[in-house]
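All residue numbers in this chain count up from 1 along the given sequence. Whatever order the structure lists ligands and atoms in, that order sets their numbers, starting from 1. A quick note: this is a predicted structure, and the numbers were derived from the prediction, not measured.
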Amino acid sequence: MSKPQNKEGFSSALTIFFATLGSAIGLGNIWKFPYLTGVNGGAAFIIIYLGFVLILGIPLMLAEFYIGRSTGSNPIGAFDKIKDSKWPKANKIFKVSGVFTMITSMFVMFYYSAVAGWVYSYLFKAIKGDFNVLATMNVSDAVNFTKTSFTQTVSDGKVAVFWQFVVLLIVTIVLAKGVQKGIEKVTSTLMPVLLVLIVVCDVRALMLSKAGEGISFLMKPDFSKVSTDMILTAMGLAFFKLAIAMGVLIVFSGYYKKDTNLIGISFKVAISDVVISIMAGLAIFPVVFEFGLNPSEGAGLLFQSIPLSFAKLPMGNILLIAFFLLTAIAATTAMISLSEVPVRFLSQQFNISRKLSVIISTSIMFLIGALTVHPSSIFGGVRIFNKNLFDFFDFTTSNVLIPITGLLTAIFVGYVINKKSFVNEITNEGALAKYKGFVNFVLFSLKVLCPILIILIFISSFK
Ligand code: PHE
């Protein structure tokens, strides 16, 4: 199949890697992965997680790369462009998965941008030195202080909405600049900065006396924790981390080059992502244990235990700034990729300018997003299916839309697409023929493993 050349695409193998890594790295690495690993049996969880990355994650990434790069299109339009289908009529049915990715990317942005707003506001507080008082407080006063500070951030509507606005404004500016001058430039500048910051935090944390306790909380395998729920969590996390089923990989691979090694990119991104997650855990737990705090909290870990424990270290405020800066970077690059999905869709399908598409997309994200996380919604107010909007958007995306889209993508590429077309695309028309064996495994996974595992896990999530 002849490949449409993209007028605007990423310019080099390195920037392709950084941009894609930017979509994988996000809040998931900093607070989800570390605490989920800690409470779910350490290395036991990491092993199962890696299993999902290999047998489902990478094959699904490659399936999305196929759809994206072979068409250069957005997740909905792509289904009209794919010609190598055994039953061309089926394309129309599978288009629904493209619609789901669009909904998912928006739904996730509604609440993700809010949490990112809290991170930005914490970064600002750290820069102002608001947490310096913690250094001399006793632990129980400090716990109260950080608790109050977090409640205030979340429950003061003006503050929360202001920071969400700032976050979305930054995303708007980056996206409006375009693929090369915006997305590519920002991700390839920020990803290395993030790495440096996390190394700084790691070095400091690992010098502490409780480093060993922190490391063993994260790494010591406890296989007694293996359960259906834990397996479910590991799969959900693998999808969320690798930005699967959200349209991001379809859109981004449309900006790849014809000779980009897709298998190489998927492995490099998946491995770097896990490494960064583990490094985040190593930066967090030694410090949290040093002050005897609870390592198993979700939002509490990020917004309460971390400010408290970091601020208590000598020069802790600098460390805290580094930590929230790296978290803000991670969240921002993830949001840039996520928001590019509706932008690409609007500009391609309705033939409107990129700038206008960006403004429409981020304005909707802001209007509904602000409503979603406004304290009046979170603490009562609007409810759908007895959930506040934040939980509703989180639940429908993680538990319903993402598994269904993953399943449809696997079936579409596994069964509907001509095998030859897929193999040609993934091996760059045979130039990477040495990977043939792996490509066969990928096809087996898309045909058999993905459908079976996703359906089993999907059903058990509703038990
Ligand atoms: N992978 C990101 C994280 O871990 C979230 C994300 C999901 C980003 C989907 C883009 C698309 O936080």
Practice problem: Just say parallel, tilted or perpendicular for the rings of Tyr112 and Phe240, cut-offs at 30° and 60°. | Solution: tilted

Quiz item: Are side-chain heavy atoms of Leu326 and Cys201 found at a separation under 4.5 Å?
Solution: yes

Practice problem: For ligand 1, indicate whether the residue Met246 contacts it via side chain, backbone, both or neither (heavy-atom separation under 4.0 Å). | Solution: side chain

Quiz item: So does Phe441 have more than 12 non-hydrogen atoms from other groups sitting under 6.0 Å from CZ?
Solution: yes

Practice problem: Could you name the option among Lys241, Glu340, Met109, Lys32 that has the heavy atom nearest to atom 4 (O) of ligand 1? | Solution: Lys241

Exercise. Compute the shortest N/O to N/O distance between Gly28 and ligand 1 and return yes if it is under 3.5 Å, no if not.
Key: yes

Self-check item: Region of Tyr112 engaging ligand 1 - heavy atom pairs below 4.0 Å
Solution: side chain

Quiz prompt | Any N/O pair Ala24/ligand 1 closer than 3.5 Å | solution = yes

Practice problem: Mark up the atoms of ligand 1 that fall under 4.0 Å of a heavy atom belonging to Ser23, in ascending order. | Solution: 1 (N), 2 (C), 6 (C), 8 (C), 10 (C)

Quiz item: For atom 7 (C) of ligand 1, which protein heavy atom lies nearest, and how many Å away is it?
Solution: Phe240 O, 3.4 Å

Self-check item: Candidates Thr409, Val413, Thr405, Val251 - the one meeting side-chain contact (heavy atoms from CB on, under 4.5 Å) with Glu64
Solution: Thr409

Quiz item: Does Leu27 reach ligand 1 with a nitrogen or oxygen that is under 3.5 Å from one of the ligand's nitrogen or oxygen atoms?
Solution: yes

Quiz item: Within a radius of less than 6.0 Å around NZ of Lys125, do more than 12 heavy atoms belonging to other residues, nucleotides or ligands occur?
Solution: yes

Practice problem: Please work out whether any backbone atom (N, CA, C, O) or any side-chain heavy atom from C-beta onward of Ala330 is under 4.0 Å from ligand 1, and answer side chain, backbone, both or neither. | Solution: neither

Quiz item: At under 4.0 Å between heavy atoms, which part of Ser337 makes contact with ligand 1: side chain, backbone, both or neither?
Solution: side chain

Exercise. Is it possible for you to check whether Lys225 lies under 6.0 Å from the centre of the six-membered ring of Phe45, through NZ or CZ, and within 45° of that ring's axis?
Key: no

Practice problem: Just jot down the ligand 1 atoms closer than 4.0 angstrom to any heavy atom of Val248, in number order. | Solution: 11 (C)

Self-check item: Sub-4.0 Å heavy-atom approach of Phe33 to ligand 1
Solution: no

Exercise. Please say which of Leu371, Leu169, Val161 ends up in a side-chain contact (heavy atoms from CB on, under 4.5 Å) with Phe366.
Key: Val161

Quiz prompt | Closest approach of any protein heavy atom to atom 11 (C) of ligand 1, naming residue and atom | solution = Leu338 CD1, 3.2 Å

Quiz item: Taking the six-membered ring of Phe33, is the NZ or CZ of Lys241 close enough (under 6.0 Å from the centre) and on axis enough (within 45°)?
Solution: no

